[in-house]
Amino acid sequence: MGCTQGKCARVGVHMPGRYKALDRDAKSHNYLSGAAAASHQSEAQAEARSGRAPPPNGTVGSRANDAFREEFRCFDHDHDGLLSKTDVEECLVGFGIDPLSIQAPEGTPPITEERYLEWRRSTLTSSEFSTNLENVFGFSDIDFDGVITKDNFVTFSNNWHPKPTPAMVDDMLQLIDPAHRQVDLTRFRKLMHGELPDQSSVDQSVRELAVRWRCLNIL
């Protein structure tokens, strides 16, 4: 699964105004750079880890682990098992964001799925990530009433490629909040932590939309 349908070669897209604040604030760097930095450790640190995999799934819910894997596959456009700068740029274009506006540091190594999962698990207890979620929530809550509605989502995803249909958005919101079909900050946090209800009976395009939204909030 990719963030867009196939390789996206569009050029000349412009970064939506609501995302510029992230790029302008040096403290609000994109978190994938943090994941890359975590993977670029000294040999001594790697040896200290004894080459072991990230913490066992028991420390994080299995659904959360599955959700994080879906994110990695969404980012991994060329399906080579590595998240590279080119992969991230492809995702940015898919969200209608100019890749030149958010750049990873030069020499950033590709991120393996294992490293990505390890980093995502660490975000569950990261105060910095938690604070950033509040800021990102505000970008989606375009009328600032404390909830993200279908109209909100359709408006702020207008530059996405491909663009989700209102029906897809409605189905995704029903997945997240069956009673009200809207997302408050509490449900938004659960979404970003991979705490979703069983999705086995949900259409694939709706599940992919939820994954794309999480990926956008990470960039």
Side-chain angles (χ1 to χ4, degrees), residues 3 15-38 54-55 59-61 63-75 83 88 91-92 94-97 101-102 104 111 115-157 159-160 164 169 172-177 180-197 199 207-219:
C3 289
M15 190 177 187
R18 302 185 73 78
Y19 296 107
K20 289 183 179 178
L22 269 180
D23 190 44
R24 296 294 177 267
D25 184 352
K27 294 181 180 179
S28 296
H29 61 281
N30 74 77
Y31 278 89
L32 284 177
S33 293
T59 61
V60 177
R63 286 184 182 172
N65 276 288
D66 290 343
F68 299 158
R69 286 192 179 91
E70 287 180 325
E71 292 171 7
F72 182 86
R73 292 163 189 164
C74 179
F75 282 124
L83 205 169
V88 174
C91 274
L92 289 171
F95 289 125
I97 303 174
S101 64
I102 303 179
I111 303 169
R115 292 295 190 193
Y116 181 84
L117 294 177
E118 180 181 25
W119 168 74
R120 271 302 263 133
R121 289 165 190 150
S122 75
T123 65
L124 299 180
T125 56
S126 167
S127 59
E128 182 184 8
F129 189 82
S130 179
T131 298
N132 190 68
L133 286 185
E134 296 180 14
N135 298 330
V136 175
F137 178 83
F139 296 156
S140 305
D141 178 21
I142 60 178
D143 51 11
F144 306 107
D145 64 353
V147 292
I148 300 169
T149 63
K150 180 176 75 172
D151 289 342
N152 292 157
F153 198 98
V154 169
T155 298
F156 87 77
S157 63
N159 291 329
W160 291 18
V169 174
M172 181 191 70
L173 294 179
Q174 183 178 20
L175 170 68
I176 299 171
D177 181 3
H180 305 99
R181 300 193 183 192
Q182 60 187 22
V183 180
D184 59 13
L185 182 57
T186 297
R187 290 188 181 275
F188 184 74
R189 289 184 184 279
K190 289 184 176 181
L191 170 74
M192 292 305 298
H193 290 163
E195 298 175 18
L196 287 173
Q199 305 175 61
R207 296 201 302 270
E208 289 185 4
L209 179 57
V211 175
R212 290 178 70 197
W213 191 17
R214 290 203 309 273
C215 289
L216 171 62
N217 295 328
I218 290 170
L219 285 170

Taking only residues two or more places apart in sequence or in another chain, which ones pass ring pair (Phe, Tyr, Trp, His ring centres under 6.0 Å) with Phe72? Tyr116

Residues in side-chain hydrogen bond (donor to acceptor under 3.5 Å, both in side chains) contact with Thr149, at least two apart in sequence or another chain: Asn152

Provide the closest heavy-atom pair for Gly194 versus Ala67 in the form atom of the first, atom of the second, distance. CA-CB, 3.8 Å

Among all residues two or more places apart in sequence or in another chain, which pass the ring pair (Phe, Tyr, Trp, His ring centres under 6.0 Å) test with Phe137? Phe188

With sequence neighbours excluded, tell me which residues meet side chain to side chain contact (heavy atoms under 4.5 Å, CB included) with Asp184. Val147, Thr186, Arg187

Between Asp141 (side chain) and Gly146 (backbone), is there a donor-acceptor pair under 3.5 Å? yes

Quick one: side chain to side chain contact (heavy atoms under 4.5 Å, CB included) partners of Arg189, sequence neighbours excluded? Ser130, Leu133, Glu134, Leu185

The reported gap from CG in Leu83 to CD in Glu71 (rounded to nearest 0.5 angstrom) is 10.5 Å

Whether the side chain of Thr123 engages the backbone of Ser126 through a donor-acceptor N/O pair (distance < 3.5 Å, no angle test) should be reported. no

Worked verdict on Asp66 versus Arg69 for salt bridge (Lys or Arg N to Asp or Glu O under 4.0 Å): CA-CA 5 Å; Asp66 290 343; Arg69 286 192 179 91; 3.7 Å; yes

Indicate yes or no: at least one non-hydrogen side-chain atom of Glu70 is less than 4.5 angstrom from one of Arg214. yes

Test side chain to side chain contact (heavy atoms under 4.5 Å, CB included) on Val211 and Arg73 and set out the steps. CA-CA 10 Å; Val211 175; Arg73 292 163 189 164; over 6 Å; no

If only atom types and distance count, is the side chain of Ser157 paired as donor or acceptor with the main-chain N or O of Phe153 below 3.5 Å? yes

Rounded to the nearest 0.5 Å, how far apart are CD1 of Ile97 and CG of Asn159? 9.0 Å

For Trp213 versus Met172, what's the shortest heavy-atom pair and its separation? CE3-CE, 3.6 Å

side-chain hydrogen bond (donor to acceptor under 3.5 Å, both in side chains) partners for Glu195, two or more places apart: none

Show the numbers, then the answer: is there a side chain to side chain contact (heavy atoms under 4.5 Å, CB included) between Leu216 and Phe139? CA-CA 11 Å; Leu216 171 62; Phe139 296 156; over 6 Å; no

What closest approach, in Å, do Phe144 and Gly138 show between heavy atoms, and which atom pair accounts for it? CE2-O, 4.0 Å

For Asn217 and Asn132 the tightest heavy-atom approach is O-ND2, 4.4 Å

For Phe68 and His193, which heavy atoms make the closest approach, and how far apart are they? CZ-O, 3.8 Å

Got a second to check how far Phe129's CZ is from Met192's CE, nearest 0.5 Å? 4.5 Å

Does the side chain of Asn65 come under 3.5 Å of the side chain of Arg121 through a donor N or O and an acceptor N or O? yes

Can you tell me how far apart CD1 (Ile111) and CG (Leu117) are? Round to the nearest 0.5 Å. 11.0 Å

Do the side chains of Val183 and Asp177 get nearer than 4.5 Å, heavy atoms only? no

What distance do Lys150 atom NZ and Leu173 atom CG have between them, rounded to the nearest 0.5 Å? 9.0 Å

Show the numbers, then the answer: is there a salt bridge (Lys or Arg N to Asp or Glu O under 4.0 Å) between Glu118 and Arg115? CA-CA 5 Å; Glu118 180 181 25; Arg115 292 295 190 193; 3.3 Å; yes

